[in-house]
2 protein chains.
Amino acid sequence: MQRTYENVLGLLRDAGLRPTRQRLALGKLLFDGDNKHVTAEQLFGFAKQADAKVSLATVYNTLHQFKDAGLLREVVVEPGRSYFDTNMENHHHFFDEDRGELIDIPVELVSLLNLPEPPAGTTIQRVDIVVRISSRQGQ
Amino acid sequence: MQRTYENVLGLLRDAGLRPTRQRLALGKLLFDGDNKHVTAEQLFGFAKQADAKVSLATVYNTLHQFKDAGLLREVVVEPGRSYFDTNMENHHHFFDEDRGELIDIPVELVSLLNLPEPPAGTTIQRVDIVVRISSRQGQ
DNA sequence: GTGATTGCAAATCTTTTGCACTAAA
DNA sequence: TTTAGTGCAAAAGATTTGCAATCAC
């Protein structure tokens, strides 16, 4: 089920991305076998902790290259910040509004029926379900 | 069903917002009886067309005051831009990725079953379903 | 070598804020 | 009057871009 290349090198090669030092470092942080949701700023922080020398601009560029190559998916739940999700399977999310944290919901745990037809001339690209949760009471 | 105050003045008064010239102008543009989805920049443009003298900062501030007062709801579907929705009923959205346009989906047209339990200590605030559509082929 | 990639700083875009001015009650 | 609201310009925060230096092949 889960994407587990034994090495990031092969993953980058398969994606047609030149395996540079920076891409390898970021790829190792992202594709370690556990699904992750990171912002650019967070990944930049992780890279620093791991002593990987990568500029913030390169983190942004790399995230988008990974996304375009089909290795990541972008999730927009908050104004002014993007999350990148390493889980490429069809799934949905809880979004914890207090912590700013995403939690995967496997697609099998949700039954979505009876979507209306999309407008003529358009096709459905994706269905995103975001269940907003909070420690606050009520809705 | 639809919120139709005969005048925006009463709507603002009921919301506890002082009916200033700017709020009245923006309120008339927003609450004319048709549901709308606008960005701050768009509303600023409409105000200009209507010869309403309002600054962009005031448009932003007013949108958030209307939101806090329960007159609007914020929808985040694109990185770096917020839409404000005058439809306060429970509903979902198509998002046309080519046009950057939202289309309401009445909640009755969707059956969502079997959501998983939210994590302990949290409650569900809202469930947002965004059906991303495009004139491009496939998904 | 040669073209792709990176880093930095500057630019961009959306949104927020500080503060003197104006207007509603 | 008194206090809330506004406008402007500046600041902030996330993201993108131009370009010379560097790296992968």
Side-chain angles (χ1 to χ4, degrees), chain A residues 7-29 37-48 50-69 71-72 74-84 100 102, chain B residues 7-29 37-48 50-69 71-84 100:
Chain A
N7 61 56
V8 176
L9 198 90
L11 185 150
L12 292 177
R13 288 242 164 83
D14 290 359
L17 293 171
R18 194 181 277 194
T20 64
R21 178 173 56 75
Q22 291 84 343
R23 286 183 184 151
L24 282 165
L26 296 177
K28 276 177 192 153
L29 289 169
H37 309 93
V38 298
T39 64
E41 205 68 54
Q42 282 169 357
L43 183 57
F44 183 56
F46 296 152
K48 268 190 189 155
D51 274 315
K53 277 139 188 59
V54 185
S55 75
L56 182 56
T58 296
V59 171
Y60 274 103
N61 292 336
T62 302
L63 282 171
H64 283 116
Q65 289 152 2
F66 284 4
K67 175 191 168 192
D68 293 343
L71 301 176
L72 289 178
E74 190 170 4
V75 185
V76 190
V77 282
E78 270 186 327
R81 191 198 324 291
S82 275
Y83 289 81
F84 291 85
L102 287 163
Chain B
N7 61 55
V8 176
L9 199 90
L11 183 152
L12 292 177
R13 288 241 163 82
D14 291 358
L17 292 170
R18 195 182 275 191
T20 64
R21 179 173 55 73
Q22 292 83 343
R23 285 181 185 155
L24 283 166
L26 297 177
K28 277 178 194 153
L29 290 169
H37 308 93
V38 297
T39 64
E41 205 67 55
Q42 281 169 358
L43 182 57
F44 183 56
F46 296 152
K48 268 189 189 157
D51 274 314
K53 277 140 188 58
V54 185
S55 74
L56 182 55
T58 295
V59 171
Y60 274 102
N61 293 335
T62 303
L63 283 171
H64 283 117
Q65 290 153 1
F66 285 4
K67 175 191 167 190
D68 293 342
L71 302 176
L72 288 178
R73 157 178 162 169
E74 191 170 4
V75 184
V76 191
V77 282
E78 271 186 326
R81 191 198 325 291
S82 276
Y83 289 81
F84 290 85

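Note on naming: letters A, B, ... go to the chains in the order of the sequence lines (proteins, then strands), and numbering restarts at 1 for each one. Predicted model only: the values in this text are computed from it and were never measured.
- A straight line from CZ of B:Arg81 to C1' of C:dC13 spans 9 Å, rounded to a whole angstrom.
- If you find the closest nucleotide of DNA chain C to B:Ala40 and to A:Arg23, the one lying nearer the 5' end belongs to A:Arg23.
- Computed from coordinates, the B:Leu56 CG to C:dT12 P distance equals 18 Å when rounded to whole Å.
- Considering CG of B:Leu29 and CD of B:Gln42, their distance stands at 12.5 Å, rounded to 0.5 Å.
- Taking a 4.0 Å limit (strictly below) on heavy-atom distances, residues 57-64 of chain B reaches DNA chain D at B:Ala57, B:Thr58.
- One finds the CG atom of A:Leu11 at 12.0 Å from the NZ atom of A:Lys28 (value rounded to the nearest 0.5 Å).
- For B:Thr39, there are no side-chain hydrogen bond (donor to acceptor under 3.5 Å, both in side chains) partners two or more places apart in sequence or in a different chain.
- The shortest non-hydrogen separation linking B:Val59 to B:Leu26 is CA-CD1, 4.1 Å.
- Between A:Phe66 atom CZ and C:dT5 atom C1' the separation is 13 Å, expressed in whole Å.
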(Q) Does the protein touch nucleotides 19-25 of chain C at the base, only the backbone, or not at all? Give it as B, S and - per nucleotide, heavy atoms under 4.0 Å. (A) -----BS
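- Here B:Thr39 lies out of heavy-atom contact (under 4.0 Å) with every strand.
- Of the options B:Leu63, B:Leu43, B:Val75, a side-chain contact (heavy atoms from CB on, under 4.5 Å) to B:Phe84 is made by B:Leu63 and by none of the others.
- An end-to-end axis angle of 30° holds for the helix from C:dG1-D:dC25 to C:dA25-D:dT1, taken from five base pairs per end and rounded to 10°.
- Residues passing the side-chain hydrogen bond (donor to acceptor under 3.5 Å, both in side chains) test with A:Arg81, sequence neighbours excluded: A:Glu78.
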Could you go through residues 15-23 of chain B and list every donor-acceptor pair under 3.5 Å that involves a side-chain atom there, pairing it with any protein atom two or more places apart or in another chain?
| from | atom 1 | to | atom 2 | distance (Å) |
| --- | --- | --- | --- | --- |
| B:Thr20 | OG1 | B:Arg23 | N | 3.2 |
| B:Arg21 | NH1 | B:Lys53 | O | 3.1 |
| B:Arg23 | NE | B:Gln65 | OE1 | 3.3 |
| B:Arg23 | NH1 | B:Arg18 | O | 2.9 |
| B:Arg23 | NH2 | B:Gln65 | OE1 | 3.3 |

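- In this structure, B:Tyr60 has no ring pair (Phe, Tyr, Trp, His ring centres under 6.0 Å) partners at least two apart in sequence or on a different chain.
- A search for ring pair (Phe, Tyr, Trp, His ring centres under 6.0 Å) contacts involving A:Phe46 returns nothing, not counting sequence neighbours.
- Here OG1 of A:Thr62 is found 11.5 Å from CG of A:Leu71. Values are rounded to the nearest 0.5 Å.
- Residues passing the ring pair (Phe, Tyr, Trp, His ring centres under 6.0 Å) test with B:Phe66 are B:Phe31, sequence neighbours excluded.
- Distance, B:Leu43 CG to C:dT15 P: 12 Å, rounded to whole Å.
- The nucleotide range of DNA chain D contacted by chain A, defined by atoms under 4.0 angstrom from heavy atoms of the protein and reported 5' to 3', is D:dA14 to D:dC25.
- Residues that satisfy the side-chain contact (heavy atoms from CB on, under 4.5 Å) test with B:Ala52, not counting sequence neighbours, are B:Ala25, B:Ala47, B:Val54.
- Evaluation of the salt bridge (charged side-chain N to carboxylate O under 4.0 Å, His left out) test over residues 58-68 of chain A, restricted to residues two or more places apart or in two chains, returns A:Lys67-A:Glu74.
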